[in-house]
Amino acid sequence: MAVVTGGMCETGDLHELLRRAGLEVVGDGRPTRARPAAAAWRPVIAGSTEPTLAVPADRADLVAEVNRQWHRLAVEHDVINADGEFLISVADQGCTR
């Protein structure tokens with residue numbers, strides 16, 4: 001995955017954490033077409049939010065299935081763009097792509 005950082009972060013520390021998480025930092029600055037972090041979080045954290053799907057905890061391939069479903073939904077809802085980039089909201093760090 002590719003990441004572009006932006007916002008109020010200490011980029012060196014954040015870049016290192018993202019690299020350790022297996023992400024590639026490709027530059028700085030939030031993309032102009034991206035929604036603000038608060039707007040992206042609102043439908044996810046609203047009190048009335050219902051889960052989109054559930055993966056049974058007793059599946060032998062639980063982690064693989066959660067990852068597969070997350071990726072499917074992320075692509076379906078344009079969370080991940082055609083270049084494999086996506087936004088990450090890092091607490092007190094602004095928004096990271």
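Remember, it's a predicted structure, so these values are computed and weren't measured experimentally. Here, residue 1 is the first one in the sequence, and each next residue gets the next number.
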Problem set entry | From CD (Glu76) to NE2 (His71), nearest 0.5 Å | 11.5 Å

Exercise. Can you list the residues that meet the side-chain hydrogen bond (donor to acceptor under 3.5 Å, both in side chains) rule with Arg19, with sequence neighbours excluded?
Worked result: none

Seminar exercise, completed: Between the CZ atom in Arg20 and the NE2 atom in His15, the distance rounded to the nearest 0.5 Å is 14.5 Å

Problem set entry | By side-chain contact (heavy atoms from CB on, under 4.5 Å) - contacts of Ala74 (at least two apart) | Trp70, Val79, Ile80

Could you pull out all donor-acceptor pairs under 3.5 Å where a side-chain atom in residues 48-55 meets a protein atom, sequence neighbours excluded?
unit_1 : atom_1 : unit_2 : atom_2 : d
Thr49  : OG1    : Pro43  : O      : 2.9
Thr49  : OG1    : Ala46  : N      : 3.4
Thr49  : OG1    : Ala46  : O      : 2.9

